[in-house]
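The structure under discussion appears below in the form of structure tokens.
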Amino acid sequence: MNDSGPAPSPIVIAGAGIGGLTAALTLRQAGHDVVLMDKARELAEVGAGLQLSPNACTVLNQLGLLDDVVELGYAPGNLRIWSGKSGKQIGQVRLGDFVRGRHGAPFVVIHRADLQQALLKKVKDTPGISLQLGTELTNAKTGQSGNLVCTYQSLDQIGTLTCKALIGADGVWSKTRRLIPNHKNAQFSGHVAYRSTIPIEKAPKRWQQDSGLWLHKDSHLVHYPVKSGKELNIVALATEDWQDETWSAPVSVELLLRRFHDWPTESRNVLHTPDSWLKWALCAVDASGPWTHGNIALLGDAAHAMLPYMAQGAAMAIEDAAVLAAHLPADVDNIPAALRAYERIRKPRVVRIQNTGFRNAKIFHMSGVFAAARDMVLKSSKPENLTARFDYIYSWSPA
């Protein structure tokens, strides 16, 4: 961290989550001084596990973080697909060495807190990045010089800072997004996720090595090892109305088991194992909406929060950071045009992947004859062919 402070006109990033931390590093690599603000006094874990496919790992490798991520996470050999009705395996997707050989980077599952801490350590060790916690961006206006003047509030003061550009990486409920004309607010999707982790030895043997995806009517279950294979991350997802006053809340295991009452005994026993569960409303931001305005741009969930049914939320934020930095070299002379180019390049890919997530939500939660047809296709497909269906996602790398 640079004790002498940033240059007079840095790039300001609002939000120090996965996308904001990555953007701070990529923009610093591009030659910019960076001020990274977050309203939290301490960066704590939000959520549980996440999946980093080769497209995300390629960016992390360029930042010198891939070895740390691989060590902290876990590289499953396969994704095994199970029937949440019969309990039998109905398909398999090759990961592991097959994906690394095909795309030149691994597929890693990792606890969100571990990835955040790896990024945070790199940020703190990088001169030219000023991390300001307990500081919330409240407004930004164009000054007389053409630069932005950002207004922020910390614990003890309200201040202003002149900057080249403002990057909103402040999540699904982004305040920066309000500065973009015609922006679209996040919308509840009608889906919820119950999240928890357990020690790996408490899981059934067939759950302990590969990732798992269980499909059932109006619900599905995802699990994979994290913490270097020492814990199992579990996410139970369902179509459900949201009645609580907040968008995430603790929930009793009894309520969860009532929701998954018709699942196989093995699955219900695992769902009964954690000491606590956290329930999240799954909200989305339409990726086809505006991302930029003048010297302001959105990144990650602030621009395109998506359902986790393609497991690309974190990966898209990491990709955004790499492409944003590529469009903002240190000598950039027209920042609004550069940000528009970033949006123009990124939007088609992100819209396509967001739509894939919406489509998967319907496929995963099928019932009756539609579920039977889906299962038949999965049973008859070669594992390598199922992996190849995602080549357009996994083969991406920064230009």
Side-chain angles (χ1 to χ4, degrees), residues 47-51 76 78-93 95 109 188-198 202-225 232-243 251-274 277-282 284 306-313 356-381 383 386 389-390:
L50 53 81
Q51 303 181 53
N78 303 278
L79 168 66
R80 298 187 182 275
I81 306 173
W82 310 87
S83 168
K85 185 176 181 180
S86 68
K88 297 179 180 179
Q89 183 171 322
I90 55 177
Q92 181 177 332
V93 180
L95 300 174
V109 289
F188 175 52
S189 65
H191 298 247
V192 298
Y194 300 84
R195 304 177 189 270
S196 193
T197 59
I198 60 173
K202 291 188 176 183
K205 288 291 185 183
R206 66 174 179 170
W207 294 45
Q208 293 182 13
Q209 294 184 344
D210 289 330
S211 293
L213 169 63
W214 297 67
L215 308 179
H216 203 349
K217 177 183 177 181
D218 293 330
S219 58
H220 74 284
L221 184 67
V222 176
H223 57 81
Y224 46 80
L232 186 75
N233 180 71
I234 312 169
V235 188
L237 304 100
T239 303
E240 189 175 317
D241 290 332
W242 182 258
Q243 301 294 338
V251 66
S252 69
V253 67
E254 290 77 18
L255 188 151
L256 174 63
L257 289 175
R258 284 200 298 272
R259 178 63 186 83
F260 288 79
H261 67 92
D262 56 349
W263 278 64
T265 300
E266 180 184 67
S267 303
R268 287 174 52 81
N269 287 342
V270 172
L271 296 179
H272 193 271
T273 301
W277 285 90
L278 195 63
K279 178 180 177 181
W280 289 77
L282 299 180
M306 57 185 64
L307 299 186
Y309 297 165
M310 194 55 236
Q312 286 294 305
T356 298
F358 290 138
R359 186 167 60 253
N360 283 349
K362 296 179 181 179
I363 295 172
F364 289 1
H365 292 184
M366 284 175 171
S367 60
V369 295
F370 296 104
R374 175 202 64 202
D375 294 355
M376 185 177 299
V377 170
L378 289 171
K379 290 176 182 178
S380 62
S381 299
L386 290 177
R389 294 180 62 185
F390 306 128

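Values below: all heavy atoms of this structure, side chains included; hydrogens, waters and symmetry mates excluded.
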TODO: With sequence neighbours excluded, tell me which residues meet side chain to side chain contact (heavy atoms under 4.5 Å, CB included) with Gln209.
DONE: Tyr74

Open item on the list: Does any part of the side chain of Leu278, heavy atoms only, come nearer than 4.5 Å to the side chain of Ser196, both counted from C-beta?
Closed with: no

Open item on the list: Applying salt bridge (charged side-chain N to carboxylate O under 4.0 Å, His left out), can you list everything that pairs with Arg259, at least two apart in sequence or on another chain?
Closed with: Glu240

TODO: Decide yes or no for Pro204 and Val270: does some side-chain heavy atom of the first lie under 4.5 Å from some side-chain heavy atom of the second?
DONE: yes

- [ ] State the CG-CG distance between Leu386 and Leu79, to the nearest 0.5 angstrom.
- [x] 9.0 Å

- [ ] Go through Trp82 and Arg206 one step at a time and tell me if the side-chain contact (heavy atoms from CB on, under 4.5 Å) criterion holds.
- [x] CA-CA 11 Å; Trp82 310 87; Arg206 66 174 179 170; 2.6 Å; yes

- [ ] Rounded to the nearest 0.5 Å, what's the gap from OG on Ser189 to CE on Met306? Could you check?
- [x] 13.0 Å

Open item on the list: Could you check whether any side-chain N or O of Ser211 sits under 3.5 Å from a backbone N or O of Pro76, counting only pairs where one atom can act as donor and the other as acceptor?
Closed with: no

Open item on the list: Working to the nearest 0.5 angstrom, can you tell me the gap between Ile90 CD1 and Ser381 OG?
Closed with: 11.0 Å

Open item on the list: Once side chain to side chain contact (heavy atoms under 4.5 Å, CB included) is applied, do any residues pair with Arg268, and if so which ones, sequence neighbours excluded?
Closed with: Leu257, His261, Trp263

Task: Side-chain heavy atoms of Leu307 within contact of Phe358, under 4.5 Å - done: yes

- [ ] Assess whether atom CZ of Phe188 is packed by more than 12 heavy atoms of other residues, nucleotides or ligands within 6.0 Å.
- [x] yes

Open item on the list: The criterion is side chain to side chain contact (heavy atoms under 4.5 Å, CB included); which residues satisfy it with Asn78, sequence neighbours excluded?
Closed with: Arg80, Gln92, Arg94, Asp210

TODO: With sequence neighbours excluded, tell me which residues meet side-chain hydrogen bond (donor to acceptor under 3.5 Å, both in side chains) with Ser83.
DONE: Ser86

Task: Leu215/Arg374 under side-chain contact (heavy atoms from CB on, under 4.5 Å): CA gap, chis, key distance, verdict - done: CA-CA 10 Å; Leu215 308 179; Arg374 175 202 64 202; 3.7 Å; yes

- [ ] Show the numbers, then the answer: is there a side-chain contact (heavy atoms from CB on, under 4.5 Å) between Thr197 and Ile234?
- [x] CA-CA 6 Å; Thr197 59; Ile234 312 169; over 6 Å; no

Open item on the list: I'd like to know if the side chain of Ser219 reaches the main chain of Lys217, judged simply by a donor and an acceptor atom lying under 3.5 Å from each other, with no hydrogens or angles considered.
Closed with: yes

TODO: Identify the heavy atoms of Ala236 and Phe260 that sit nearest to each other, and give their distance.
DONE: CB-CZ, 3.5 Å

Task: For Thr356, all residues meeting side chain to side chain contact (heavy atoms under 4.5 Å, CB included), sequence neighbours excluded - done: Met310, Arg359, Asn360, Tyr392

Task: Nearest-0.5 Å distance, CG of residue Leu232 to CD1 of residue Ile198 - done: 5.0 Å

Open item on the list: Holding to salt bridge (charged side-chain N to carboxylate O under 4.0 Å, His left out), I want the full list of residues that pass it with Arg389, two or more places apart in sequence or in another chain.
Closed with: none

Task: Audit row: Leu221, Leu237, side-chain contact (heavy atoms from CB on, under 4.5 Å) steps and yes/no - done: CA-CA 6 Å; Leu221 184 67; Leu237 304 100; over 6 Å; no

Open item on the list: For the CG atom of Leu271 and the CG atom of Leu256, what is their distance to the nearest 0.5 Å?
Closed with: 5.0 Å

- [ ] To the nearest 0.5 angstrom, please state how far the CH2 atom of Trp277 sits from the CZ atom of Arg195.
- [x] 10.5 Å

- [ ] Just jot down the ring pair (Phe, Tyr, Trp, His ring centres under 6.0 Å) partners of His220, sequence neighbours excluded, or say none.
- [x] Tyr309, Phe364, His365

Open item on the list: For Gln312, give me all partners under side-chain hydrogen bond (donor to acceptor under 3.5 Å, both in side chains), at least two apart in sequence or on another chain.
Closed with: Ser53, Asn55

- [ ] Could you tell me which residues satisfy ring pair (Phe, Tyr, Trp, His ring centres under 6.0 Å) with Trp207, sequence neighbours excluded, listed by chain and number?
- [x] Trp214, His223

TODO: Check Gln208 against Ala203 and note the closest heavy-atom contact, atom names and distance.
DONE: NE2-O, 2.8 Å

